[in-house]
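Remarks on the structure that follows.
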Amino acid sequence: MSGHGTPIPMTSHRAGPLSGTAEVPGDKSISHRALILGALSVGETVVTGLLEGDDVLDTAKAMRALGAEVTRDAGGTWHVHGVGVGGFAEPEQVIDCGNSGTGVRLIMGAMATSPICATFTGDASLNKRPMARVTDPLALFGAQSVGRAGGRLPMTVVGAAEPVPVRYEVPVPSAQVKSAVLLAGLNAPGETVVIEREATRDHTERMLAGFGAEITTEVTDEGRVITLTGQPELIPQTIVVPRDPSSAAFPVCAAIITPGSDVLVPNIGLNPTRAGLFTTLREMGADLEYENLREEGGEPVADLRARFSPDLRGVEVPPERAASMIDEYPVLSVVAGFATGQTVMRGVRELRVKESDRIAAMAAGLRAGGVTVEDGPDWWIVHGLGHGNVPGGQTCESHLDHRIAMSFMVMGMGTQSPVTVDDASPIATSFPVFEPLMATLGADIRRG
Ligand code: S3P
């Protein structure tokens, strides 16, 4: 889909206390990868707990367009009959990745070393986002691409007929870029090496190993050196998608700022490359506990218990933690407004090229709601007003960005006056049950 249809204005009123259990949906990053790696295996991959948000559904459509059979049974289990590494067919139509940067970048990587041509497009947000960060390394494999000015979608990629393996140091901290190169490396003979200075989410590495690829990660002075041996036969898997810590962030933060709240968010993955927000909240003095900490499928998992936390303190978030909470800064900035003192966030340039410029979008809405925010190219500072003192009463623009919309809905739960977003429809890309789930907890979110 390229657009979100009619805008859905939404207003969050002071409510609470929030209580009960928040069963958040499956992990978006792992859901995309389950479909793509399933499509590159020979045989049937079975996926339960897949996130059925628009982003992932667009990736499912793309896998069908590239020749895989992807179906959902009546029980909600997904079945992917893959075509094998190098087995993608040329799509007959343009591939529309909707709002999803992860979808388009990973799929470009996965097809770039096959002798096929594909044209990609997306919605107004995705078509503004930079793609050269992916097409530059794909060119080293022998793929060609042509798109709009500045490397923007729509864009056509001609896969390399005789790909060569590459050694590539990722210039920005981006799991999407790393993953695109690794997926391209699957169909190149020999060893593809990706080096990342800062650790980003490692789902691609873990899942490639799970599907039977030969892949190693070495931590050296250069950073993390990931080596993949090309042209494996990937073995289909049965995948249980864990719940998304990035979605868990919303009920957790809502409970922390809403008086009297006590919310349980069960089965959340605490992979260290994803859990930076929870560490930061605890440093701020949030009442957030990890209950029933355990290991599932090689990953740490816990039930999160979040309670209202009236005495939050502003903190300085270490820049080296940025990659592990990159999608959570918008909602952290809301919590920071309810803390006393400054919350300083540095080393976050990447926030400016997400579904929206997330620093600009959050700063504008927070300022309109009475919170002072300073910002620069790769930093921002929120001056907290303390619990009970945030005026609110503003209407914010979501800029086609699900996390901006949900962050402002959380803000309205603790402000003196309600908070409105102009368009909450993008929430369907990652958290389609946000509205009913928050209502069950006791939130007062209304359309209009
Ligand atoms: C993702 C990587 C991150 C993140 C996005 C999901 C992934 O993007 O913001 O929501 O699944 O690889 P970048 O790679 O651009 O940092």
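Each ligand, and each atom within it, is numbered from 1 in the order the structure gives.
- When the options Ser174, Ser31, Gly101 are ranked by their closest heavy atom to atom 14 (O) of ligand 1, first place goes to Ser174.
- Remark: Asp202 does not engage Lys178 in a salt bridge, criterion side-chain N to carboxylate O under 4.0 Å.
- Listed by number with element, the atoms of ligand 1 under 4.0 Å from a non-hydrogen atom of Thr102 are 1 (C), 5 (C), 6 (C), 7 (C), 11 (O).
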*Yes or no on side chain to side chain contact (heavy atoms under 4.5 Å, CB included) for Phe211 and Ile239, after CA distance, side-chain angles and deciding distance?*
CA-CA 10 Å; Phe211 274 81; Ile239 299 174; 3.6 Å; yes
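- Look at Arg33 and you'll find a heavy atom under 4.0 Å from some atom of ligand 1.
- Close approach of ligand 1 to Lys354 is summarised as follows: ligand atoms under 4.0 Å from at least one heavy atom of the residue are 3 (C), 4 (C), 8 (O), 9 (O), 13 (P), 15 (O), 16 (O).
- Taking any N or O of Val177, backbone or side chain, none lies under 3.5 Å from an N or O belonging to ligand 1.
- Considering backbone and side-chain atoms alike, Arg403 places every N or O at 3.5 Å or more from each N or O of ligand 1.
- Contacts between His203 and ligand 1, counted as non-hydrogen atom pairs separated by less than 4.0 Å, are absent for every part of the residue.
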Under 3.5 Å, which donor-acceptor pairs do the side chains of residues 163-174 form with other protein atoms, sequence neighbours left out?
| from | atom 1 | to | atom 2 | distance (Å) |
| --- | --- | --- | --- | --- |
| Glu169 | OE2 | Arg197 | NE | 3.1 |
| Glu169 | OE2 | Arg197 | NH2 | 3.4 |
| Ser174 | OG | Gln176 | N | 3.2 |
| Ser174 | OG | Val177 | N | 3.1 |

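- Taking 4.0 Å as the cut-off between side-chain N and carboxylate O, Arg33 and Asp27 do not count as a salt-bridged pair.
- Between the side chain of Thr220 and the main chain of Glu222, a donor-acceptor pair closer than 3.5 Å is present.
- Take Phe338 and apply the ring pair (Phe, Tyr, Trp, His ring centres under 6.0 Å) test, not counting sequence neighbours, and it matches no residue.
- Within the listing of ligand 1, atoms 4 (C), 5 (C), 9 (O), 10 (O) sit less than 4.0 angstrom from a heavy atom of Asp327.
- Distance CG/Asp58 to NZ/Lys61: 4.5 Å, rounded to 0.5 Å.
- Each of the atoms 9 (O) of ligand 1 lies under 4.0 Å from some heavy atom of Ile326.
- With a 4.0 Å heavy-atom cut-off, ligand 1 is reached by no atom of Lys178.
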